[in-house]
Undergrad: 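One structure follows; several queries about it will come next.
Given the structure is predicted, the values throughout are model-derived calculations rather than measurements. Position 1 is the first residue of the sequence, and the numbers go up from there.
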Amino acid sequence: MAYDYEYFKKAVFDLTKIDLNAYKEKQMKRRIDTLISKNKIVGYEKYIDLLKKDKDKFEEFVNYLTINVSEFYRNVDQWQLLDKEIIPELISRFGKNLKIWSAACSTGDEPYSLVMALSRHVPLNQIRIYATDLDKQVIEKAKLGLYAEKSVIGVPADLKKKFFTKIGPSYQISDEVKSRVEFKEHNLLKDTYLTDFHMIVCRNVLIYFTEEAKDEVFRKFQKSLKPGGYLFIGSTEQIINHKDVGFDRKNSFFYQRPM
């Protein structure tokens with residue numbers, strides 16, 4: 001039997017429930033082939049055997065497979081719009097107890113940014129962010145809350161001073177911010193979505209999905225939002241067919257479920 005990429009995709013799904021069919025094949029296959037080569041293994045079958053036997057290699061694989069490029073206040077102008085327009089509108093419509101989901105949250109930069117952004121409008125003890133990722137390793141990093149200097153460059157100076165402590169070359173986010181975020185494992189392509197969110201933030205992840213997978217996720221996000229709620233996406237992820245998947249376009253990054 002030829003252990004080709006089709007075999008590998010099925011084996012990976014059986015092991016991890018990550019569906020590689022939803023990712024752009026050429027790009028993902030190149031990433032995986034690079035990792036296999038790095039481990040000095042020849043062929044998909046032997047690599048699958050390694051993943052079954054070696055917990056550390058399995059964790060390395062999942063971590064490598066998921067896209068963990070993240071930073072606080074990434075694309076600052078979008079966060080300024082969130083601060084000046086979107087959050088005030090949501091509070092005006094729904095009150096201060098907003099229910100917000102940071103989907104594919106990576107190492108926590110995004111949900112912690114949300115807590116800090118909301119803290120300008122809402123008392124910290126009223127803020128609750130639901131944050132999910134399919135990679136439990138990055139969730140553990142998020143819970144630790146220790147970041148390199150380059151990750152926090154975009155944080156407004158007053159918030160950096162208030163919520164971070166410098167430890168050597170790194171920055172530790174405060175426990176009062178960490179306590180406002182609930183982290184859970186979640187697979188956007190497989191797991192059930194919670195509902196009644198006032199805002200969902202999912203940025204710079206869906207660019208790696210096929211068009212079909214993206215549309216499926218956008219439709220699920222739409223159903224998870226309350227009417228009038230917002231989806232906040234990344235700068236490279238404009239929803240061209242936003243009407244088809246149930247959204248009105250506020251601008252290139254914010255899409256609203258119609259009232």
Undergrad: Taking salt bridge (Lys or Arg N to Asp or Glu O under 4.0 Å) as the definition, give me every residue that meets it alongside K9, ordered by chain and number, with sequence neighbours left out.
TA: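 Listed in chain order: E6, E25.
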
Undergrad: Any side chain to side chain donor-acceptor pair (under 3.5 Å) involving residues 180-200? Give me the pairs, sequence neighbours left out, ordered by first then second residue.
TA: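 Sorted result for residues 180-200: empty, none.
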
Undergrad: Under a 4.5 Å cut-off applied to non-hydrogen side-chain atoms, are K250 and I86 in contact?
TA: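 Yes, their side chains come closer than 4.5 Å.
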
Undergrad: K223 and R257: which non-hydrogen atoms are nearest, and at how many Å?
TA: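 What the structure gives for the nearest pair is O-NH1, 3.6 Å.
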
Undergrad: Between F232 and F254, is the ring centroid distance below 6.0 Å?
TA: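 When the ring centroids of F232 and F254 are compared, they turn out to be within the sub-6.0 Å range.
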
Undergrad: Using a strict 4.0 Å threshold on nitrogen-to-oxygen distance, state whether K53 and D49 make a salt bridge.
TA: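 D49 and K53: not salt-bridged.
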
Undergrad: Between R30 and D33, is there a side-chain N and carboxylate O pair less than 4.0 Å apart?
TA: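 No, R30 and D33 are not salt-bridged.
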
Undergrad: Do F72 and W79 have ring centres separated by under 6.0 Å?
TA: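 No, they do not, as the ring centres are separated by 6.0 Å or more.
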
Undergrad: Would the distance check show the side chain of K178 and the main-chain N or O of L144 forming a donor-acceptor pair, the cut-off being under 3.5 Å?
TA: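 Looks like yes, one N/O pair under 3.5 Å.
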
Undergrad: Quick one: closest heavy-atom pair of Y112 and A142, and the distance?
TA: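 That would be OH-O, 2.7 Å.
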
Undergrad: Could you tell me whether a side-chain N or O of R93 sits under 3.5 Å from a main-chain N or O of G228, the two making a donor and an acceptor?
TA: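 Yes: the side chain of R93 pairs with the backbone of G228.
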
Undergrad: Is a donor on one side and an acceptor on the other found under 3.5 Å between the side chain of Q256 and the backbone of D248?
TA: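 Looks like no, no N/O pair under 3.5 Å.
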
Undergrad: If we ignore hydrogens and angles and just use 3.5 Å, is the side chain of S102 paired with the main-chain N or O of C105 as donor and acceptor?
TA: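 No.
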
Undergrad: Contact between T107 and I139 at the side-chain level, heavy atoms closer than 4.5 Å - yes or no?
TA: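 No, too far: nothing below the 4.5 Å cut-off.
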
Undergrad: Is there a donor-acceptor pair under 3.5 Å between the side chain of D54 and the backbone N or O of K57?
TA: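 Present.
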
Undergrad: Considering non-hydrogen atoms only, spot the tightest contact between L225 and L231 and give its length.
TA: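 Heavy atoms of L225 and L231 come nearest at CD1-N, 4.0 Å.
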
Undergrad: Quick test of your reading: applying salt bridge (Lys or Arg N to Asp or Glu O under 4.0 Å), list the pairs with at least one residue in residues 154-169, sequence neighbours left out, ordered by first then second residue.
TA: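 Qualifying pairs, neighbours excluded: R120-D158.
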
Undergrad: Quick check: does any side chain N or O of R31 sit under 3.5 Å from a backbone N or O of K26, one acting as donor and the other as acceptor?
TA: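 Not confirmed, R31 side chain does not pair with K26 backbone.
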
Undergrad: Are K214 and F209 in a cation-pi setup, meaning NZ or CZ lies under 6.0 angstrom from the ring centre and within 45 degrees of the ring axis?
TA: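 No, K214 does not lie over the aromatic ring of F209.
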
Undergrad: Looking at Y230, W101, F197, Y255, which one forms a ring-ring contact (aromatic ring centres under 6.0 Å, His included) with F221?
TA: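 With F221 as partner, ring-ring contact (aromatic ring centres under 6.0 Å, His included) holds for just one option, W101.
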
